[in-house]
Amino acid sequence: MRDRDSDTSQPGNPSFAPVHVLYRGYLQKKVQFLIAGVLLLILLALFSATAGSIPIAVSDVLISLLTFDHSGVGRIVWDVRMPRILAALLVGAGLSLSGTMMQSVLRNPLASPYTLGLSSAAAFGASFAIVFLDAGVGTTSTILINDTFTVAASAFIFSILSTLTILLLTLLTRITAESMVLAGIAIGSIFSAGLTLMQYLANSIQLASIVSWTFGDLGRANWQFLLITFIVLLPIALVSFFYRWDFNAMDTGEETAKGLGVRTGAVRILGMLSASVLSAIVVSFFGTIAFIGLLGPHIARRILGGDHRFLLVGSPLIGAIILLIADTAARTILSPMVLPVGILTSLMGGPLFIYLLIATRGRRG
Amino acid sequence: MIFIQRSRVLRTPFTVLLLILFLAVVGTLDLFASAQSEEVTEESFITVTDMRGRSVRLPQKVESLIALEAGSLRLVSYLDATEKVIAVEDAGHGREKSDYGFFQLATYRLAQPGLRDLPSIGSSENVEGLISADPDLIISSQRDIGQLNHLQETLGIPVFAVDVDLELYDTDLFYRQLEILGSILDRSERADELVTGIKDALEDIAMRSQKVSEPSRAYAGGMMYYGPADLLRTTGDYLPFDLTGTRNVMPTNPTGNRQPYMTSLEDLIASAPEAVFIDAANVNLSRSGFSDNRDVLEELVPAFSEREVYTTFVYKYYGTNWENQLINVYAVGKILYPEVFADISIEGKAEEIWDLFFTADTDLDHDTVVKTQGAGVKRVDWFE
């Protein structure tokens, strides 16, 4: 309500500054918000680095962080807490960025790695590796996921396969962005059925491995996973930022974007491909972490508006903040028991998303 | 034509009278017959209360049975009544749709290798198979009373519920279960033998643990619970620690169900145990969990820097290996308090306890079990 009041009162204000000054102020506010977001993220990461069952003073945490000291207290900070914190940042940012891109190129607010069937395809791929590639089971002793990389690779291959299928359908039939979403849902349900079949074919141990794989868990983080995720995330973030104006143009509609000289087909395929590779990497390593790909972009849109110059920075930032808070809670609330963070994001993400929908509707109408 | 003629006959009052008379006689005969069969019933059926509090009416002499769900067949094998078993489930009996090597993690299958040769009954969902197998009794570890009743009604076969979640903490219930099963399977003497043997062992352990002057602080990892896990699946209710007076560095499950749960690397470090015990079922996974964080663990956890890390016999697989867990009590005692358990050899004690639970006839050999289950009680070789 307040927003609308201020919106309507401002143009009527006779002593108001010229438009370009106003616009600069408008941009400044957004930049300020982004800076505040970065500061908040740093503070949260610091808080998370001090939270845990081993009490460590904030000053000690700061010292070991700044000196890269891996001995004594630094061992806990760097080798125990940091992998999880960095995982939360990279995964949160990655899923949220990927959601933003998908929503933009598909012009559908519900597009996300989860809703486009990519997560189902990844889960199917992982279960396939566990059941048929012997990746989950050793014959001499009991193994949960013996070969994490085989499972991750299989999950990755199948999620990329699902995206390629959607893209191929788009290219062959020139279907619209809306149909692309529907195709995603259809392919997602095919893979869900495949996952059910794998679960049926699995023995009790494999079944347990499949179920525990599908719980998204940042506890799987190790430096190799983090490095690979970072190497994929960074160029995709940069490329997407490079196309920020194209994304903005596409938000106004296919025809307008074409009129503005945007090669919509190419941007759509590039956007879908890079968003898919990014989320496929994340899901393959860490399992299904629901709602971050929807929550991050939607909160960012509510605060920053639809301008991709800010959205492509703000959305990953917010995704990282949400996942960091969720994971810090997941590893401390029931200590010494830890919860997989995927359970927490689904549990809290659902109601939060419904609130966002209602709040947005209230504001518009 | 014949039909028409008959209907004409029916019309005559005499015929109707005759028919009524006939029906009355047949009815009386029928009543008489059913009264007779009830008499038979009174003689050969008994009504017992099972471990879920249900009244189950079952034949006094159970000649054939099928045990369903985790742990129930183990109880039957303890009572030396496997000869009554006419078929086994697929799940956990080496007949799953894909091959794997976990079959032997349940020790009763090593003691009773013949079970594997019995015909398959699939699972409790194979209703038609169960009906046509027609056992006198079905024993199930299903927890849900509604489902137990439903199964019994559908099959028309008595379903006796056992409680396999019991641990040797609840000895009274544990003994009662063995005694009831003993009475319905005509193995009362065997049940008494088991109860006495377990009581003796627990008394012996209690006497020894009283002599422990400096209790150790220890951690149990690699617990099996709805599937495998690594070092970080722990439990706050670990019988071998509790019975030897050892301090478990981990609290009981925060949800209150006393079952194993996942902890974090940091909590393991914070708890600083002096000794770590790893379940043999998860030794390989635990080892890879250890090598992922070797530097941290060796620097910060006394048990790892002192290399006080041991494997124990498989505690849970398709239910609880109660016999293995009793051996683990002795093993933990022997390792942590060698002076108090000086006269015990782990191999000897293990074979003695297997003989107690599976009868001396099965004669399980220590080395064979260690070989087939992947590990026995020993210090791990992860540090080499």
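- Neither the backbone nor the side chain of Ser288(B) comes within less than 4.5 Å of any heavy atom of chain A.
- No more than 12 heavy atoms of other residues, nucleotides or ligands lie within 6.0 Å of CZ in Phe230(A), so this atom counts as exposed by the packing criterion.
- Looking at heavy atoms from C-beta onward, Ser264(B) lies out of side-chain contact with Arg331(A) at the 4.5 angstrom threshold.
- When heavy atoms are compared at a cutoff of 4.5 Å, Arg84(A) does not approach chain B at all.
- Comparing Thr255(B), Leu265(B), Thr234(B), Asn293(B) by heavy-atom pairs within less than 4.5 Å of chain A, the highest count is held by Leu265(B).
- Counting non-hydrogen atoms of other residues, nucleotides and ligands closer than 6.0 Å to OH of Tyr225(B) gives a total above 12.
- The contact between Met250(B) and chain A is made entirely by side chain atoms (from C-beta outward), counting heavy-atom distances below 4.5 Å.
- Sparse packing is recorded around OH of Tyr114(A), with 12 or fewer heavy atoms of other residues, nucleotides or ligands lying under 6.0 Å away.
- A side-chain hydrogen bond (donor to acceptor under 3.5 Å, both in side chains) check over residues 218-229 of chain A, counting only residues at least two apart or in different chains, returns nothing.
- Interface residues of residues 296-307 of chain B toward chain A, defined by a heavy-atom distance below 4.5 Å and sorted by number: Val296(B), Glu299(B), Leu300(B).
- Put simply, of Pro340(A), Pro336(A), Gly52(A), the one with the most heavy-atom pairs under 4.5 Å next to chain B is Pro336(A).
- Proximity of a side-chain donor or acceptor of Glu266(B) to a complementary backbone N or O of Ser53(A) within less than 3.5 Å is detected.
- Going from atom CZ of Arg233(B) over to atom OG of Ser212(A) covers 8.0 Å, rounded to the nearest 0.5 Å.
- Annotation: maximal heavy-atom pairing with chain A below 4.5 Å, among Asp295(B), Asn253(B), Asp292(B), occurs at Asp295(B).
- To the nearest 0.5 Å, atoms CD1 (Ile269(B)) and CD1 (Ile54(A)) are separated by 5.0 Å.
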